Every structure is written in C-alpha cells, then in structure tokens.
Protein chains: 2
Amino acid sequence: MSYSIGEAAKMVGLTAHTLRFYDKEGLLPFVKKTSSGLRAFTESDIEWLKIIECLKGTGLPLKQIKQYIDWCMEGDSTIPQRLNMFIEQKKRVEEQKAKWEKHLEKINFKIKYYEDAAKHGDLNVFERNPKLLEEKKRLFED
Amino acid sequence: MSYSIGEAAKMVGLTAHTLRFYDKEGLLPFVKKTSSGLRAFTESDIEWLKIIECLKGTGLPLKQIKQYIDWCMEGDSTIPQRLNMFIEQKKRVEEQKAKWEKHLEKINFKIKYYEDAAKHGDLNVFERNPKLLEEKKRLFED
DNA sequence: TTAATCTTTAGAGTTAACTCTAAGTCAAGA
DNA sequence: TCTTGACTTAGAGTTAACTCTAAAGATTAA
C-alpha cells in the first residue's frame with residue numbers, strides 16, 4: 001500500500017507543491033514512481049519526511065538536509081558523518097534553547113512592565129516600581 | 001554621548017547595512033541624525049535594538065516588529081495592544097519550545113541509533129536492540 | 001591638509017524556501 | 001464513457017530578510 005503525493009503531504013502537514021519542490025531539490029531520492037509516472041509514498045517514505053521535518057523544524061537548511069539524505073543513500077560508510085551531523089544538530093538545538101530562554105526573560109519583563117502600565121494608563125512604571133528598573137538593567141546589559 | 005551606525009551595529013551583533021535596512025523599513029523611527037546627516041544612536045536606541053533582536057530572535061517577522069514600534073511611537077493609548085503582543089509572543093515561544101523538545105527526542109534517538117551503527121559498522125541496529133525499535137515507533141507515530 | 005576610513009542614499013542583487021501556473025496526463029465514481 | 005479531481009513537468013513568480021554597489025559627503029589621525 002502506498003500514498004499519493006497529496007495524501008503524503010497531508011500526513012506530514014506540507015503541501016504537494018512543497019513535496020515536489022523537495023523532490024526537485026534532491027531531498028526525496030527514495031520516493032519511487034508508478035508505471036504511469038505518479039509518485040507513490042510508502043510508510044518508510046513518510047518516516048523520511050518526518051525526519052526531514054524534524055531537521056527543518058530545528059533550523060537545518062535544506063542543503064544540509066540533502067547532504068544527510070545523500071549520506072544515507074551512499075551506504076554504511078557514511079555512518080560516522082551521519083552520527084556527527086545529529087550530534088552537531090543537538091548542540092545547535094540546545095544553544096538555541098538557551099538563547100530563547102534569555103529572550104523569554106525579556107518578554108516576561110515586558111509583560112510585567114505593560115501590565116503595570118495598562119493598570120495605571122501610563123508608562124511611569126519605574127517611578128511606581130523601582131525594582132522593575134533594576135530588573136530591566138540586569139536583563140538588557142551585556 | 002552617542003554611537004555611529006558602525007559602533008551600534010557592533011554592539012548588537014548586526015551589520016551597518018542591516019541597521020540601515022531596518023531604518024528604511026521603519027523599524028528605527030527613534031534614531032536621530034546629526035546636523036550633517038549621520039545617524040547617532042543613543043543608549044536608549046541601543047536598548048530598542050536589543051528588544052528588536054529579542055523579538056526577531058524568537059521568530060517575529062519584521063513587519064510585526066514594526067507594528068510594535070509604531071504602537072510605541074503612538075503613545076499611551078496603545079499600551080493594551082503592546083501588552084497583548086508580548087503575551088502572544090510568549091505563547092508562541094512556549095509552543096515553539098515544546099515543538100523543539102519533541103524534535104530533540106527524535107534527534108537523541110538518531111544519535112543512539114547511529115552510535116550503535118557506528119560501533120558495529122552496519123545498520124542492523126534493531127536486530128541487536130529491539131527496544132530501540134519500540135522507541136522509534138513511539139517517536140515517529142502520529 | 002591630506003589620506004584613510006567612516007557614513008550617506010537609492011537602488012540593484014542575492015538567498016532560501018516556497019508558491020503558483022500552464023498544459024497536459026491519469027484515476028475513480030456515476 | 002464521461003467528468004471531475006488529482007497528478008505530471010518545466011519554469012516563472014513571490015516573500016522575507018538581508019547584502020551589496022556606486023558615488024558622494026563626513027570624520028579622524030598624522
């Protein structure tokens with residue numbers, strides 16, 4: 001049993017256009033076609049799409065995803081490169097998470113700031129709450 | 001005391017080109033110019049840049065950042081919109097964080113998978129370790 | 001004062017990742 | 001069989017966010 005491009009697209013939350021674009025870019029060399037030329041996605045292909053989505057969703061550019069796919073197609077000799085790629089990607093994700101943590105602190109500060117401002121209808125927040133000014137200094141200096 | 005565009009750029013980790021582009025897009029209406037036409041960034045402007053970086057870094061498009069800046073320029077009447085924007089952005093960041101958490105699980109699985117593959121020089125990982133197959137099924141189904 | 005190094009503008013070019021169009025082919029239901 | 005809707009390709013167009021260029025003006029150090 002296999003899926004058409006439209007069915008596969010729906011399953012992974014992309015459009016058929018996007019899947020064709022990925023194919024054109026060489027990201028889907030594993031997808032076979034029927035005798036009449038229609039792409040037929042297997043269960044295994046859907047899993048490929050999910051791992052592509054995982055890498056794309058964590059910010060890896062399509063070019064590097066293609067590099068990974070190429071390694072996979074090349075065979076067992078590229079296992080070290082693939083392992084290394086996932087280790088690097090894990091590192092990037094964790095760095096990114098730390099960055100977002102810092103950004104989130106600033107956003108939380110702004111929420112506190114504007115909550116007070118909204119309550120009083122003006123921006124004299126720091127006069128009312130000098131501790132918030134200290135927090136701001138801490139958050140925005142580097 | 002104030003900073004030239006190049007100094008300001010260095011301080012926030014952007015290029016002067018990018019700052020001019022932001023200015024052209026209307027993101028920096030607060031930056032004043034000297035009598036001879038050079039941009040002069042104040043300490044306060046640098047703080048604006050940092051909040052722009054925070055919003056951009058958490059995935060808010062420049063158009064919506066401009067919307068926020070416009071609200072700030074408009075005055076106290078837009079405090080509720082600004083509060084709302086930061087609340088929404090916080091929500092988005094937390095959703096994104098949850099998504100990354102899930103992606104990270106898949107990446108960690110792949111690391112385990114390729115570590116075993118690398119150790120043995122082949123991809124018969126699931127034959128050696130059926131529990132990893134279970135984990136894969138759990139991670140890649142939905 | 002002069003050379004080197006900024007900065008200014010308008011506008012063109014780039015990159016990534018889609019997104020769509022046209023013209024034709026294929027498949028499934030009535 | 002016919003119609004409707006999904007599929008095919010090549011290739012053009014779009015969007016966001018830069019990134020760069022050219023030509024001219026401003027600033028700074030020697």
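Heavy atoms only: backbone and side chains are in, while hydrogens, waters and symmetry mates are out. To find a chain, count down the sequence lines: A is the first, B the second, and so on, and within it residues start at 1. Remember, it's a predicted structure, so these values are computed and weren't measured experimentally.
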Give one of base, sugar-phosphate or nothing for A/Thr15, where a contact means two heavy atoms less than 4.0 Å apart.
nothing
With distance as the sole criterion, is a donor-acceptor pair present between the side chains of A/Tyr22 and A/Lys56 under 3.5 Å?
yes
Report the distance from atom CG of B/Leu19 to atom C1' of C/dT7, rounded to the nearest whole Å.
13 Å
Check: B/Tyr114 and B/Val125 side chains under 4.5 Å, non-hydrogen atoms
no
Taking any atom under 4.0 angstrom from a heavy atom of chain A, which nucleotides of DNA chain D are the first and last to qualify, 5' to 3'?
D/dC7 to D/dG11
For B/His17 and for A/Ile5, find the nucleotide of DNA chain D with the closest heavy atom, then tell me which residue's nucleotide is more 5'.
A/Ile5
Rounded interatomic separation in angstrom, taking NZ from A/Lys33 and P from C/dT25
15 Å
Taking the six-membered ring of A/Phe140, is NZ or CZ of A/Lys106 closer than 6.0 Å to its centre and within 45° of its axis?
yes
A/Thr18 or A/Gly37, whichever maps to the more 5' nucleotide of DNA chain C:
A/Thr18
Mind checking A/Arg39 for me? I need base, sugar-phosphate or nothing, with any heavy atom below 4.0 Å counting as a touch.
sugar-phosphate
Does some side-chain heavy atom of A/Lys110 sit less than 4.5 Å from a side-chain heavy atom of B/Tyr68?
yes
Is it the case that the side chain of B/Thr18 and the backbone of B/Leu14 share a donor-acceptor pair, with hydrogens and angles ignored and the cut-off at 3.5 Å?
no
Short N-O contact, B/Lys33 and B/Asp23, less than 4.0 angstrom:
no
Nearest-nucleotide 5' precedence on DNA chain C, A/Leu38 against A/Leu14
A/Leu14
Donor-acceptor check, side chain of A/Thr78 to backbone of A/Gln81, threshold 3.5 angstrom: yes or no?
no
Tell me which residues in residues 40-71 of chain A put a heavy atom below 4.0 Å from DNA chain D, sorted by number, or none.
none
Check B/Lys66 with B/Asp70, please: is the shortest side-chain N to carboxylate O separation under 4.0 Å?
yes
